Amino acid sequence: MQQGLTMYFESYINKESIFINKKALQPNYSPENILHRKEQIEQIARIMAPNLKLDKTSNIFIYGKPGSGKTLTTKYVIKELQKMAILKNIPLVPFYMNCKLRRIADTEYRIIAEVARELGKSVPVTGLPTEEVYNLFIEATDSKKQILVLILDEIDQLVKKTGDGILYNLTRLNEELKKAQITLIGISNDIFFLENLDSRVRSSLSEEEVTFPPYNAIQLQEILKQRADIAFRPGVIEDGVIEKCAAYAAQSHGDARRALELLRVAGEIAERNGFNTMAVAHIDDAEERIEHDQIIELVKNQPKHFQLVFYTILIMPKQSKKLFTGDIYEHYRRICSKIGIKSLTQRRVSDIIAEFDTLGIITARVISKGRYGRTREILLATQATMNKKLIKILEDAINA
DNA sequence: AGTCCACAGGAAGGGCAGGCGA
DNA sequence: TCGCCTGCCCTTCCTGTGGACT
């Protein structure tokens, strides 16, 4: 066996990879030429250009569905702007933050502290009053004449979690700054995000708005072709592969990120199975694999009671395929007492179920059963074939 | 038309962990 | 060591709600 393994590794090393540069398929790869976003690039550039004359520019709100190129395009324009700023000796400091990143940029304290740290201030991870962190931030920012461009990606997640107080504070900071100035760029997938903001915050944040429409299948094909030419050896991709991949992604609202991931995983599957070329069937396999892996990883990483509630939903008898909050809670409590764990309250379990819905592993909708009350009607969103595996994983995790 | 059910979901706050400065 | 601060997870208390039932 060991001999066989050595031979396997030997032949793996000697076999020519179908990839040349796999990085070109990764989400953070920035191509030299961004396709189908000329209009948005020009729009953002026009708004940001006054920075090069040290003039205050408008804050920008950028909206578009996931994988529509918002982040890539914004980063590209800011990078070009910064290049010019360096050339002309203009003190422009960009900061990119993804507000979805837990423990880094998901609270007011963390965001302000992170920027203050980048500007050279020492700020503890926790412990200071938020006002004190703002003071440190202002001190660091206003120490010299400079323009701070603060890009808050997935800004809706931040507001959902902490409220719009931080945006109110940030949009009003310029009034306190004497030398420096701040331009905010908010990026969001959620078109209704602005509607729920305080009107003052809304008008300050969206002084300018840039919309990213979803890519259509033809545009996706061109994007995939551009990246595939860099990522794969010539002649590796069989006819129809790019088209199939684009078609899959076009179904999920023109998500280019998903299309690229699909192509990468399909390439890996083809290579692992010893193929020298990539066929349409590999795209189908990749589609299944991606969804499968995402759900398993998600479930594995949940806290114990999340796992218990989801386990309950998986194993509950489903006479009519539909489950209700009250029934799930009863079953969940029984399981908890069986394994000797103190159960959470129904209020908390209700929130956990709502979170499952957000994560996409169940679909839940609030319905009224009239005389029999209002509740959530819950349906599993995972495939039956996967559920057995999930039950096994959860049993191991719960008993661990 | 009014009642009632079974929750949904908002608000307030408790308890704990991690961290700071005096 | 103590008081104070934030984040996180959770409970408790409460009001709101859609539609079947009376």
Side-chain angles (χ1 to χ4, degrees), chain A residues 97-117 120-140 152 154 156-170 190 192 195-198 298-299 301-313 316 319-320 322-337 339-359 362-379 397-398:
Chain A
M97 295 204 165
N98 187 330
C99 305
K100 215 176 176 178
L101 288 182
R102 292 186 73 161
R103 301 183 194 284
I104 295 172
D106 57 346
T107 67
E108 183 167 16
Y109 185 101
R110 282 176 180 154
I111 286 179
I112 304 303
E114 186 62 26
V115 182
R117 264 185 230 119
K121 286 279 170 192
S122 156
V123 188
V125 182
T126 156
L128 294 183
T130 307
E131 205 183 316
E132 184 58 30
V133 184
Y134 266 105
N135 288 338
L136 287 169
F137 169 73
I138 291 169
E139 220 174 87
L152 298 176
E154 313 236 24
D156 48 311
Q157 298 291 324
L158 174 70
V159 171
K160 201 169 164 187
K161 201 155 175 240
T162 66
D164 58 9
I166 179 172
L167 297 183
Y168 181 83
N169 291 334
L170 280 174
D190 182 2
F192 301 110
E195 284 181 21
N196 302 322
L197 290 180
D198 176 289
L298 185 75
V299 168
N301 293 323
Q302 295 299 318
K304 192 147 200 159
H305 282 284
F306 278 62
Q307 292 180 332
L308 272 166
V309 175
F310 191 53
Y311 177 71
T312 308
I313 296 171
M316 267 182 76
Q319 290 93 346
S320 61
K322 284 173 187 166
L323 299 171
F324 302 105
T325 307
D327 304 336
I328 292 173
Y329 185 65
E330 273 314 300
H331 259 82
Y332 156 81
R333 277 189 35 167
R334 256 181 264 152
I335 291 172
C336 283
S337 74
I339 59 174
I341 288 180
K342 188 176 178 289
S343 56
L344 301 176
T345 57
Q346 180 154 343
R347 176 71 188 84
R348 182 69 189 124
V349 171
S350 170
D351 275 347
I352 291 174
I353 291 171
E355 284 182 53
F356 287 159
D357 187 30
T358 312
L359 292 171
I362 61 165
T363 41
R365 64 189 183 107
V366 179
I367 56 151
S368 172
K369 294 194 285 178
R371 188 79 166 73
Y372 305 102
R374 217 166 75 107
T375 182
R376 268 205 196 89
E377 183 185 272
I378 293 143
L379 281 168
I398 291 162

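The structure displayed is predicted, hence computed values, not measured ones. Letters go in sequence order (proteins before strands), and every chain restarts at 1.
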### Query
Rounded to the nearest 0.5 Å, how far apart are CZ of Arg376(A) and CG of Leu379(A)?
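Between atom CZ of Arg376(A) and atom CG of Leu379(A) there are 13.5 Å.
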Rounded to whole Å, please give me the gap between [atom1] in [X] and [atom2] in [N].
X         : N       : atom1 : atom2 : answer
Arg365(A) : dC7(B)  : CZ    : P     : 16 Å
Gln346(A) : dC14(C) : CD    : C1'   : 15 Å
Phe324(A) : dC5(B)  : CZ    : P     : 18 Å
Arg376(A) : dG18(C) : CZ    : P     : 15 Å
Glu377(A) : dA8(B)  : CD    : P     : 12 Å
Lys304(A) : dC10(C) : NZ    : P     : 13 Å

### Message
So Ile367(A), base contact, sugar-phosphate only, or nothing? Heavy-atom distance under 4.0 Å.
### Response
nothing
### Message
List the residues meeting side chain to side chain contact (heavy atoms under 4.5 Å, CB included) with Arg374(A), not counting sequence neighbours, and say none if there are none.
### Response
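Counting only residues at least two positions away or on another chain, Arg374(A) forms a side chain to side chain contact (heavy atoms under 4.5 Å, CB included) with Val366(A), Ser368(A).
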### Query
Who are the side chain to side chain contact (heavy atoms under 4.5 Å, CB included) partners of Ser337(A), not counting sequence neighbours?
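Residues passing side chain to side chain contact (heavy atoms under 4.5 Å, CB included) with Ser337(A): none at all.
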List, one per line, each side-chain donor-acceptor pair under 3.5 Å for residues 301-308 of chain A, sequence neighbours excluded.
residue	atom	partner	partner atom	Å
Asn301(A)	ND2	Glu297(A)	O	3.0
Gln302(A)	NE2	Leu298(A)	O	3.2
Lys304(A)	NZ	Ile398(A)	O	2.9
His305(A)	ND1	Tyr332(A)	OH	2.8
Gln307(A)	NE2	Val299(A)	O	3.2
Gln307(A)	NE2	Lys300(A)	O	3.2
Gln307(A)	NE2	Gln302(A)	O	3.4

#### Entry: Residues touching DNA chain C, which here means a heavy atom under 4.0 Å, drawn from residues 347-354 of chain A
Arg347(A), Arg348(A)
### Task
Tell me which residues in residues 326-336 of chain A put a heavy atom below 4.0 Å from DNA chain C, sorted by number, or none.
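When residues 326-336 of chain A is checked for heavy atoms under 4.0 Å from DNA chain C, there are no hits whatsoever.
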### Among Leu323(A), Asp327(A), Ile328(A), Thr325(A), the one residue meeting side-chain contact (heavy atoms from CB on, under 4.5 Å) with Thr375(A)
Thr325(A)
Residues in side-chain hydrogen bond (donor to acceptor under 3.5 Å, both in side chains) with [X], at least two apart?
X         : value
Gln346(A) : none
Glu139(A) : Lys121(A)
Tyr311(A) : Glu395(A)
Arg371(A) : none

### Query
What pairs with Phe137(A) under ring pair (Phe, Tyr, Trp, His ring centres under 6.0 Å), at least two apart in sequence or on another chain?
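Listed in chain order: nothing, the list is empty.
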### Query
What residues form a salt bridge (charged side-chain N to carboxylate O under 4.0 Å, His left out) with Asp351(A), not counting sequence neighbours?
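Expected list: Arg347(A).
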Listing time: all N or O pairs from protein to nucleotides 20-22 of chain C that are below 3.5 Å?
residue	atom	partner	partner atom	Å
dA20(C)	O4'	Arg371(A)	N	3.0

### Task
Kindly say if Arg374(A) contacts the phosphate of dG16(C), meaning a side-chain N or O under 4.0 Å from OP1 or OP2.
no
### Earlier contact from the 5' end, DNA chain B, for Val366(A) and Gly373(A)
Gly373(A)
